[in-house]
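I have placed the structure first, in the form of structure tokens, so that the comments after it can refer back to it.
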2 protein chains.
Amino acid sequence: MRADAQANHDRLLVVAGAVITEQGTEASMREIARRAGVGLATLQRHFPTREALLEALLRASFDELTERAVQVETSNSPGEALVLWLRDFIAVCTNYRGVVSAMVQAIEDSESPLHASCVAMRGSGARLLTRAQEAGAARTDLDGADLFALVSSLVWLSDHPGLEARAERLFDIVMSAIVTKARPA
Amino acid sequence: MRADAQANHDRLLVVAGAVITEQGTEASMREIARRAGVGLATLQRHFPTREALLEALLRASFDELTERAVQVETSNSPGEALVLWLRDFIAVCTNYRGVVSAMVQAIEDSESPLHASCVAMRGSGARLLTRAQEAGAARTDLDGADLFALVSSLVWLSDHPGLEARAERLFDIVMSAIVTKARPA
DNA sequence: ACCTGAACACCGTTCAAGT
DNA sequence: ACCTGAACACCGTTCAAGT
């Protein structure tokens, strides 16, 4: 990549992160380009769709979550590991408002740039759930896709101003119904 | 109201119901006006905002739900009544895709034309929940607003193509964790 | 009274023309 | 190679002008 193109790429990512932090994932692409001091068409060649831009913004966090799943699996009880990892997943998804809506859309659309990351997240959660179920630490009448959907729906709740605290408590309630022996002392 | 205005009003409601059934609550207002054969400005004087239009479309259903809450309370056990009514609430909300997003927004905005209806729905659910809790048929670590949020989040899930069936199963799982002695024989 | 069409300020997409 | 600005087809809002 040419040096000026690389500089544009980097600046666009920084600016996009700031704008999407303020306005959520439905922020205006024009606004992002404007604040980065480039034409809208330049933004769209670097990131052809909104989802491609989101994927670039979230890739590092998703990679960390994948590593984190291995960590908690090796150093925590099955029930604890599942809950700890889900909290980290939620923390990433609540970083930008609207992320989880994009993810739920993307997981059904194999052409989406976010698709692979979403499938990976669902997979990490499913692995931890299965481990907990095999240890008798989680109820067995739901699978990884169910859990991903359920937790995503609670993140959607917390995207609404004034509902963050309620969403957190509901997560605790739901987890207490799904996972047993999950709380560290 | 003048006769031609009344005719426009009625036709707009019928057309809006059809378009929103097809495209969800974010359907284009222009499209609704176009299909009704009136100017966009005419639609917007009859229904100044999207939420005002939604409120008109949903009012009858909400009124029925309010009556229904009384019915189930008088003729069912506390646990059964709560689950039955929630199923009816979900049925209304899944009639048009996007309704529950509008409702969750509206419940925080006392200026919204949908606000009163949303508060009423939350109130009906809360009353049935309290009754079940007092009968020992529901867990007591959540309140009516929690339940409204939780059920709304599951309806949001079912708004996504391919997740309806999963959302229904998750409702059963969540209800089994919250309500005891709820299932009719 | 009620309705209409046009003007306005936005949006994302596309593409010919520049450097 | 890369970028730009303009054109395009949308959106909801507003309002002067018609019937």
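Order of the sequence lines fixes the chain letters, A, B, ..., with proteins taken first and strands second; residue numbering starts at 1 for each chain. Computed from heavy atoms alone, side chains included, the values below leave out hydrogens, waters and symmetry copies.
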- Message: Run the ring-ring contact (aromatic ring centres under 6.0 Å, His included) test against B:Phe62 and tell me which residues pass, sequence neighbours left out.
- Response: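 Per chain and number, B:Phe62 pairs via ring-ring contact (aromatic ring centres under 6.0 Å, His included) with no residue.
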Per the salt bridge (charged side-chain N to carboxylate O under 4.0 Å, His left out) rule, what does the pair list look like for [range], sequence neighbours excluded?
{"range": "residues 105-121 of chain A", "answer": "none"}
{"range": "residues 19-29 of chain A", "answer": "A:Glu22-A:Arg35"}
{"range": "residues 52-62 of chain A", "answer": "A:Glu55-A:Arg59"}

- Has the side chain of A:Arg30 got a donor or acceptor atom sitting under 3.5 Å from an opposite partner on the base of C:dG12?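 Yes.
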Show the atom names and distances, to 0.1 Å, of all donor-acceptor pairs under 3.5 Å that link a side chain in residues 121-129 of chain A to residues at least two apart or in another chain.
| unit_1 | atom_1 | unit_2 | atom_2 | d |
| --- | --- | --- | --- | --- |
| A:Ser124 | OG | A:Ala120 | O | 3.4 |
| A:Arg127 | NE | A:Glu73 | OE1 | 2.9 |
| A:Arg127 | NH2 | A:Glu73 | OE2 | 3.3 |

- Contacting residues from residues 32-43 of chain A, given that a heavy atom lies under 4.0 angstrom of DNA chain C: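 Close to the strand are A:Arg34, A:Leu40, A:Ala41.
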- Task: Give the minimum heavy-atom separation between B:Ala27 and B:Val19, together with the two atoms involved.
- Result: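 Closest approach of B:Ala27 to B:Val19, heavy atoms only: CB-CG1, 3.7 Å.
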- Query: Looking at residues 96-112 of chain B, who's got a heavy atom less than 4.0 Å off DNA chain D?
  - Reply: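 Within this stretch, nothing sits under 4.0 Å of the strand.
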- Item | Within residues 16-27 of chain B, residues whose heavy atoms come under 4.0 Å of DNA chain D |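 Correct list: B:Ala27.
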Distance-only criterion, 3.5 Å: show the donor-acceptor pairs between side-chain atoms of residues 157-171 of chain B and protein atoms not counting sequence neighbours.
| unit_1 | atom_1 | unit_2 | atom_2 | d |
| --- | --- | --- | --- | --- |
| B:Ser158 | OG | B:Val155 | O | 2.9 |
| B:Asp159 | OD2 | B:Gly98 | N | 3.1 |
| B:His160 | ND1 | B:Trp156 | O | 3.1 |
| B:His160 | ND1 | B:Leu157 | O | 3.4 |
| B:Glu164 | OE1 | B:Gly162 | N | 3.2 |
| B:Arg166 | NH1 | A:Asp143 | OD1 | 3.4 |
| B:Arg166 | NH1 | A:Asp146 | OD1 | 2.8 |
| B:Arg169 | NH2 | A:Asp146 | OD1 | 2.9 |
| B:Arg169 | NH2 | A:Asp146 | OD2 | 3.0 |

- Item | Dot-bracket line, read 5' to 3' along DNA chain D, where crossing pairs take [ ] and | marks a partner on another strand, Watson-Crick or G-U under 3.5 Å | ||.|||||...|||||.||
- Query: Can you name the residues that form a salt bridge (Lys or Arg N to Asp or Glu O under 4.0 Å) with B:Arg139, not counting sequence neighbours?
  - Reply: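 B:Arg139: salt bridge (Lys or Arg N to Asp or Glu O under 4.0 Å) contacts with B:Asp141.
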- Residues in salt bridge (Lys or Arg N to Asp or Glu O under 4.0 Å) contact with B:Asp10, at least two apart in sequence or another chain: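 Expected list: none.
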